[in-house]
Amino acid sequence: MTHGYDSGRLDLPFVGIATFGKRPYVADWSLIDADVAVLGAPFDAGTQYRSGARFGPRAVREASTLFSFGHAGAYDHEDDATYLGGDVRIVDMGDADIVHTDTIKSHANIETGVRAALAAGALPVTIGGDHSINIPCINAFDDQGDIHILQIDAHLDFVDERHGVRNGHGNPMRRAADKPYVTGLTQVGIRNVSSTAKEGYEDARKMGSDILSVRQQRALGAVQTIARIPDGAKVYITIDIDAFCPSIAPGTGTPSHGGFLYYEVLEMLQQVAKTHTIVGIDLVEVAPDYDPTGSTSILAAQILLNLLGFIFHERSA
Ligand SMILES: [Mn+2]
């Protein structure tokens, strides 16, 4: 371990270079030797309203340092569990290169990063960027067997094509559903008006989607919600920060009132980590400049670190 009293340094959260969780930076993607590889995907040219998610990876990394005191792991007294002890090896791959105005090249660079994480046997965790960055993430799973997608989001993101656009942030769940190895989707938190019209919802259901609003999820609770995901499915989780209520997550391009609060999402993530194998994660649409308090980025970092804690706690159990 390189941090904490082990090394003779106190290394408080505000000290040092802000990699994700203050974990080691691995610039050479052929040298990843880790359980988790975190990739930044600072691309926001897929937005249809307010841009700014290109600054998401830096803001989430910065926020993640708050949870990175030098002690070994994070003890949770409610669960009586210590999460993310020194045995869980997390590395930060830095960012995929982004070529301004060029979605194809930028997405290809993100896909290369996710493929490198998978080739190393690490769990890929990609921080957006707008939700279009999920498209190359899912492309990278074309040799990984069947996956099911759990999407936590305000918006369905199931537009096939509009004005020739097929790879914007309104399209990723449709692009995923197009894949033969994506066997189904569970889309939770969907509410209010967005770019997906009625036919998009009909297409989604035809292509294997289970769609739940915030109020429908609340009525079910976490256990019953996650029980709707097929048994034995390998699950890829995509979290759009706008799934949360704008009162706790205003730092995003397309806020939508009536969203989730922290524990509603956390409990779904803890449950799915118990019941299913998680094969990949992305968290998108943090646009920090709309939230001068930084609370949105802290929420994103806290959700990711807790989710990783749950996953590796189950793996070691
Ligand atoms: Mn989205």
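Start at 1 and go down the list; that is how both ligands and their atoms are numbered.
For Y181 and F141, the ring centers are positioned 6.0 Å apart or more.
No side-chain heavy atom of K22 sits less than 4.5 Å from a side-chain heavy atom of D92.
In summary, of the residues considered (D240, D242, T196), a side chain to side chain donor-acceptor pair (under 3.5 Å) with H155 occurs for D242 alone. R175 pairs in a side chain to side chain donor-acceptor pair (under 3.5 Å) with only one of the listed residues (D160, N139, N167), which is D160.
Closest to the Mn ion (ligand 1) among the N, O or S atoms of H131 is ND1. Atom OD2 is the N/O/S atom of D153 found closest to the Mn ion (ligand 1).
At a threshold of 2.8 Å, the Mn ion (ligand 1) has no backbone or side-chain N, O or S atom of H155 nearer than that distance. At least one N, O or S atom of D240, from either the backbone or the side chain, sits less than 2.8 Å from the Mn ion (ligand 1). Within the 2.8 Å limit, D157 places at least one N, O or S atom next to the Mn ion (ligand 1). For D130, every N, O or S atom stays at 2.8 Å or more from the Mn ion (ligand 1).
Side-chain contact check for H169 and T254: no donor-acceptor pair (N or O, by modelled atom type) lies under 3.5 Å.
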